[in-house]
Protein chains: 2
Amino acid sequence: MRRGQPLYLDLADRLASGITEKRYPVGSLLPTEAELCAQFEISRFTAREAVKQLQAIGLVATRRGIGTEVVTAKPNAGRFSCAFDSVSEFIHSARLTRLTKIVTEDLPADKVVADALKREKGCPVLRIQATRILLSEKGRALRPIALVDVHVPAEYGAIREDLKHLDTTLNLLIEKRYGIRTSQVEQTVEPCLVDGSQAKVLNVKPGSLGILFTRRYVSDRGNPIEYVRNIQAGDDARLNMTMRSTGR
Amino acid sequence: MRRGQPLYLDLADRLASGITEKRYPVGSLLPTEAELCAQFEISRFTAREAVKQLQAIGLVATRRGIGTEVVTAKPNAGRFSCAFDSVSEFIHSARLTRLTKIVTEDLPADKVVADALKREKGCPVLRIQATRILLSEKGRALRPIALVDVHVPAEYGAIREDLKHLDTTLNLLIEKRYGIRTSQVEQTVEPCLVDGSQAKVLNVKPGSLGILFTRRYVSDRGNPIEYVRNIQAGDDARLNMTMRSTGR
DNA sequence: CCGTATTTGTGCGTATGTATA
DNA sequence: ATATACATACGCACAAATACG
């Protein structure tokens with residue numbers, strides 16, 4: 001603690017300015033922990049703590065065996081956008097639910113879907129529509145909570161075979177089957193009104209307030225792998241989140 | 001890593017169930033790091049990592065010289081709850097805006113406000129109503145983006161004097177003036193319809209779709225310091241967020 | 001007011017495990 | 001199979017904040 005600040009925060013600041021000043025461009029790897037130790041004459045503990053700070057504000061992502069990649073130089077561009085440090089809790093939250101009434105369809109992508117998946121308009125995609133229901137601890141169906149409408153590129157179409165006995169999320173299914181990793185999930189949340197047919201399935205009055213989640217899963221290579229539209233209504237038309245200070 | 005899980009996660013699970021099962025009641029202190037080391041025959045590193053996990057999901061708060069206090073036994077009630085690890089980007093996002101048409105009022109807390117602030121119903125609070133407007137780079141007012149309705153305990157009432165020349169957030173104002181730190185922000189997002197008077201201020205049609213943010217700021221000692229209701233409509237009735245994997 | 005004990009925060013060194021190329 | 005890089009885990013020491021006599 002030379003300048004009234006812990007060493008690791010000092011290093012975190014240096015690295016952060018290194019990123020904004022393009023010495024560590026987006027997409028490149030930060031120096032390895034060992035290199036940081038040598039360059040700044042610090043212990044590995046200090047180097048790791050510094051990198052954790054950068055992870056916490058979403059500037060970098062680390063993968064063991066690979067290194068620490070610079071993900072973005074501007075932690076957040078838009079208003080009210082936030083970087084999570086883990087999608088695991090998000091995925092975890094989908095545990096006690098299950099998809100039912102699954103309908104699949106092969107079709108050419110319309111403009112919206114094509115843009116989201118970064119493909120040409122008209123390219124073949126697999127569409128999966130379903131109802132997500134809440135389960136009790138014992139696995140009994142309690143009530144419908146969401147209408148989901150998923151599009152994946154046709155090359156992942158083989159997941160169709162696994163949909164019957166789906167006990168995880170679609171995304172995990174694709175990750176497992178095709179050996180890819182989701183590194184980023186982009187989500188938009190906006191209000192909507194549920195129409196008659198949607199209301200019937202969700203068991204609410206037609207025209208009542210709902211919330212529309214539009215979500216895109218992107219692989220660590222930057223390829224969109226899944227585009228989801230998700231409508232929830234009634235008590236489920238609500239998003240709770242907790243933001244925490246990192247201690248600075 | 002005995003059972004496929006790192007030791008510190010294992011300990012974190014034990015402590016978490018200890019909290020939910022009231023062996024460590026809310027308000028009490030967890031065993032000190034030294035005690036955890038002794039009881040579970042682990043190193044201090046492992047004990048600290050475990051406690052960090054609990055901090056990350058908001059179950060506990062630590063203060064040096066004191067110990068680790070149990071803050072709540074239920075980190076997140078609702079589904080689709082997500083723990084951010086930094087509120088700074090959220091605060092940052094409010095930079096190019098300003099509050100206008102600020103109206104203050106002293107009044108007794110109703111039930112909702114009292115519950116949110118963890119006070120008795122009828123306790124004195126300061127209410128601040130205002131319109132948040134978007135500013136251009138040069139500081140010119142562009143358009144209204146939100147109606148804000150803030151309640152703070154009367155003991156922070158002196159911030160009223162600073163509202164005239166407010167160039168930060170209300171929360172930072174309180175932090176600075178009273179020397180407290182916000183460690184956690186809990187937010188609920190839900191759809192709503194804007195009524196006539198709201199629509200007029202927000203410059204949208206009456207009855208159009210809006211989004212209601214309900215937010216509570218909690219200090220590092222677990223005291224609620226601010227309760228905010230925030231309505232946005234039109235193009236602002238949208239929440240964008242990006243979740244990234246850290247590589248775990 | 002001072003000194004001391006307690007408790008967490010910071011920092012170092014080292015060793016071993018695991019994922020990746 | 002080997003090398004690389006991060007993850008987990010142990011040990012130790014001292015600093016800083018707090019509580020208390």
Side-chain angles (χ1 to χ4, degrees), chain A residues 1-13 15 24 28-56 60-71 85-86 88 175-176 179-183 219-221 245-248, chain B residues 1-13 15 24 28-56 60-71 179-181 183 219-221 245-248:
Chain A
M1 301 203 211
R2 318 263 150 88
R3 287 185 289 286
Q5 199 180 212
L7 251 182
Y8 69 89
L9 287 183
D10 192 47
L11 176 57
D13 287 342
L15 293 176
Y24 305 123
S28 69
L29 294 178
L30 280 190
T32 67
E33 293 176 356
E35 285 167 354
L36 289 176
C37 296
Q39 284 177 30
F40 296 92
E41 296 183 323
I42 52 173
S43 73
R44 186 145 172 246
F45 172 87
T46 306
R48 282 178 64 77
E49 286 299 315
V51 171
K52 277 185 194 172
Q53 297 298 313
L54 301 183
Q55 284 177 19
V60 303
T62 44
R63 274 182 289 158
R64 82 167 78 174
I66 308 284
T68 299
E69 185 185 347
V70 179
V71 173
D85 68 336
S86 166
S88 67
E175 288 197 338
K176 201 167 179 182
I180 49 186
R181 264 176 37 86
T182 301
S183 69
S219 79
D220 51 7
R221 298 208 182 353
S245 159
T246 54
R248 300 218 215 199
Chain B
M1 299 203 215
R2 319 262 151 88
R3 287 181 292 286
Q5 198 179 217
L7 252 181
Y8 70 88
L9 287 181
D10 193 47
L11 175 57
D13 286 343
L15 293 176
Y24 305 121
S28 70
L29 294 178
L30 281 191
T32 68
E33 294 176 356
E35 284 167 353
L36 289 176
C37 295
Q39 283 178 31
F40 296 93
E41 296 183 324
I42 53 174
S43 71
R44 195 166 158 222
F45 171 88
T46 306
R48 283 178 63 78
E49 286 300 314
V51 172
K52 278 184 194 173
Q53 298 297 312
L54 302 183
Q55 285 176 24
V60 303
T62 62
R63 273 182 289 160
R64 91 166 72 171
I66 306 287
T68 300
E69 185 185 347
V70 179
V71 172
I180 47 186
R181 261 177 37 85
S183 69
S219 79
D220 53 6
R221 288 178 173 44
S245 164
T246 53
R248 302 210 221 207

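These numbers come from the heavy atoms of this one structure, side chains and all, not from hydrogens, waters or symmetry mates. We name chains A, B, ... by the order of the sequence lines, and we start the count at 1 in each one.
For the segment residues 42-51 of chain B, the set of residues with a heavy atom within less than 4.0 Å of an atom of DNA chain C comprises B/Arg44, B/Arg48, in numerical order.
With sequence neighbours left out, A/Glu175 forms a salt bridge (charged side-chain N to carboxylate O under 4.0 Å, His left out) with no residue at all. Contacts of B/Glu49 classified as salt bridge (charged side-chain N to carboxylate O under 4.0 Å, His left out), with partners at least two apart in sequence or in another chain: A/Lys52, B/Lys52. Under the rule for a side-chain hydrogen bond (donor to acceptor under 3.5 Å, both in side chains), B/Arg63 has no partner lying at least two apart in sequence or in another chain. With sequence neighbours left out, B/Thr62 forms a side-chain hydrogen bond (donor to acceptor under 3.5 Å, both in side chains) with B/Gln55. Listed by chain and residue number, B/Thr46 satisfy the side-chain hydrogen bond (donor to acceptor under 3.5 Å, both in side chains) test with B/Ser43 (two or more places apart in sequence, or in another chain).
B/Gln53 has its CD atom 13 Å from the P atom of D/dA7, to the nearest Å. Rounded to a whole Å, the CZ atom of A/Arg64 is 6 Å from the C1' atom of C/dA19. Residue B/Glu69 contributes atom CD, which lies 12 Å from atom P of C/dT8 at whole-angstrom precision. One atom, CG of B/Leu54, and another, C1' of C/dT8, lie 15 Å apart when rounded to the nearest Å. Put simply, CD on B/Glu33 is 14 Å from P on D/dG11, counting in whole angstrom units. In this structure, A/Ile66 places its CD1 atom 13 Å from C1' of D/dA3, rounding to the nearest Å. Atom CD in B/Gln5 sits roughly 17 Å away from atom P in D/dA7 (whole-Å rounding). Taking atom CZ of A/Arg63 as the reference point, atom C1' of D/dT4 lies 15 Å away to the nearest angstrom.
With C/dC12, D/dA9, D/dA7 as the candidates, the nucleotide lying closest to the side chain of B/Leu7 is D/dA9.
Between B/Leu54 and B/Leu30 the shortest side-chain heavy-atom distance falls below 4.5 Å. With contacts defined as side-chain heavy-atom distances shorter than 4.5 Å, the pair A/Val60/A/Leu15 does not qualify.
Between B/Tyr8 and D/dT8, a side-chain N or O to OP1/OP2 separation shorter than 4.0 Å is present. Between D/dC6 and A/Thr68, a contact under 4.0 Å exists linking OP1 or OP2 to a side-chain N or O.
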